[in-house]
There are 2 protein chains.
Amino acid sequence: MNTLDTDAYMQPEAAGEGASRTEAAYQELRQRILSLDLAPGALTLETELAAMLGMSRTPLREAVIRLAQEGLVIPVPRRGIQVAPITERDVREINQVLACLEIEAVMIVAARPVRDEEIAALDSAIAAMDAALESDDIDGWGKADFRFHSLIFELCPNRHLNQTARLYLDKAHRARLLTLPYRRRPVYSNSNHAAVVEAIRRGDPETARDIHAAHKRRWSSELDQIIELYPSMFEPGSSLD
Amino acid sequence: MNTLDTDAYMQPEAAGEGASRTEAAYQELRQRILSLDLAPGALTLETELAAMLGMSRTPLREAVIRLAQEGLVIPVPRRGIQVAPITERDVREINQVLACLEIEAVMIVAARPVRDEEIAALDSAIAAMDAALESDDIDGWGKADFRFHSLIFELCPNRHLNQTARLYLDKAHRARLLTLPYRRRPVYSNSNHAAVVEAIRRGDPETARDIHAAHKRRWSSELDQIIELYPSMFEPGSSLD
DNA sequence: ATTCCTCCCAATGTATACGTAGAATCGTTT
DNA sequence: AAACGATTCTACGTATACATTGGGAGGAAT
């Protein structure tokens, strides 16, 4: 770390102590983008971002390159770094890929012996979803649902699948932050998830796949309705045009 | 120089002459890695790579970061940039993900109207595979096969799927460069591909999916045999896993 | 007023400088 | 001789300097 004399720009919290500045910038920006704290479509200059994060342009650029590779950011030559907009098309495409990966993952998980504690973790996530539904906590429901799907992928021994899926999971989550306020209460999701877990416990890949596929198909059409109802959702709030 | 048939360009701009040094380094290194020109597991210092490409460390690092994000390279803190090794596990995982994505893609393509010229392109790739098989040109067969699968994804309107799949296609291609010399003549692949194209032409998603799924399953088991026969294939001087 | 041209500036791409940390080497001690 | 310690040296992370280039503002001409 660079702690010679003028330590004017020290970050007191610094959870990730040993992490490099590049890594810190990457995590920070990623978090802000995924949480919509940085608005989709927003344009910011490298210099501004660097200043915002209290570092020079070098580590910032490296972080941005990583984010660009993930599709979370689009460097626009002379205008700045653009936070990836969320188009209607993106939402559909992302969910299609995610569904495909997730169905595969569910099948893989069900095809291998699963420990009780793993089942318990899944059940716990479903319980959290139920609880959130009871108290009309749609945000809490979203979090629990995200946790459930994360778990599915984590239980899957295919690291490549896991890694790629997480990327799409994150993107889907970001998109969902836009759609959540407009969704009706997602009642069937929970019973479907429970049925999938049951199939996993029984070690029944085909059933798990079918249930999950059906669930995904249902969600897809629900998404279509939402998109149709609120097409303005995806208007770039702070886009250049 | 080293121009393989993988003309997978990114969105920004064609990587030709006006490209930035970062872009040039990225393309060049990527090509070399995918063609096994840079051996899996090889360690090279940033300085050496920069010198090799005739540029300073800055653009080189940016290229390396992109490659690292794709999993083609692993920067090892004090030892250098490591070209991603190819483990047996990697091969299995990559093919599993790719199969999953490809089956989805085939279904999507078959579900939408396909123009004659698109069918023709697919047929042409299959013809090239046939011709290569006739003349025992296993390398030519690999290229044509790669082209066929690329086409499948390109005909798929889902850009996210396309992009992610291309990544896995490239990785799988790299792994296949190792296994190609050991493969028996892949006779059934061609008839399967032809059947898939036929299903696509008829607009029959389910059949296309089933055929392709069966094909992928068969290939997967063939791969298993190869791996079992030649486990030494995957041990260049890497020491991870 | 609109359009085109020119000039200026600022944002980026790239090179370089610099401090730090980790590894290897060499010397010392038991 | 082996183990431990100090020292040097090297590779990397980060900051900064610099050149280029594209874009926009302003002016002139129609």
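Protein chains get the first letters and strands the later ones, always in sequence-line order, with residue 1 at the start of each.
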A/Y26 atom OH is separated from D/dT14 atom P, nearest whole Å, by 16 Å
Practice task
Looking at every strand, decide which applies to B/R57 at a 4.0 Å heavy-atom threshold: base, sugar-phosphate, or nothing.
Solution key: base
Hey, can you tell me if A/Y168 and B/H160 have their rings parallel, tilted or perpendicular (30° and 60° cut-offs)?
perpendicular
B/L43 atom CG is separated from D/dC12 atom P, nearest whole Å, by 10 Å
Taken to the nearest whole Å, CE/B/M55 to P/C/dT16 is 13 Å
Atom CZ of A/R112 with >12 non-hydrogen neighbours under 6.0 angstrom:
yes
Do any side-chain nitrogens or oxygens of A/R79 fall under 4.0 Å of OP1 or OP2 in D/dG22? no
Here the distance between atom C1' of C/dT14 and atom CG of B/L53, to the nearest Å, is 14 Å
Rounded to whole Å, CD of B/Q82 lies from P of D/dA11 at a distance of 17 Å
| Would you say C/dA10 has OP1 or OP2 under 4.0 Å from some side-chain N or O of A/T47? | no
Between A/L45 and A/G80 the two heavy atoms that sit nearest each other are CD2-CA, 3.9 Å
Quiz item: Do the side chain of B/S20 and the base of C/dT14 come within less than 3.5 angstrom through a donor-acceptor pair of N or O atoms?
Solution: no
Between CD1 of B/I81 and C1' of D/dA11 the distance, given in whole Å, is 10 Å
All heavy atoms of B/A175 vs all of B/V91, minimum pair found to be CB-CG2, 4.0 Å
Problem set entry | Under-3.5 Å donor-acceptor pair between B/R78 side chain and C/dA23 base | no
Side-chain donor or acceptor of A/S150 paired with backbone N/O of A/F146 under 3.5 Å
yes
From CZ of B/R21 across to C1' of D/dA19 the rounded distance in Å is 12 Å
Closest to the 5' end of DNA chain D, once A/P59 and B/P77 are matched to their nearest nucleotides, is B/P77
Worksheet entry | Contact under 4.0 Å: B/T58 side-chain N or O vs C/dT14 OP1/OP2 | no
Testing D/dC12, C/dT12, D/dA15 for proximity to the side chain of A/L45, the answer is C/dT12
In whole angstroms, the gap separating P of C/dT12 from CD1 of A/I65 amounts to 12 Å
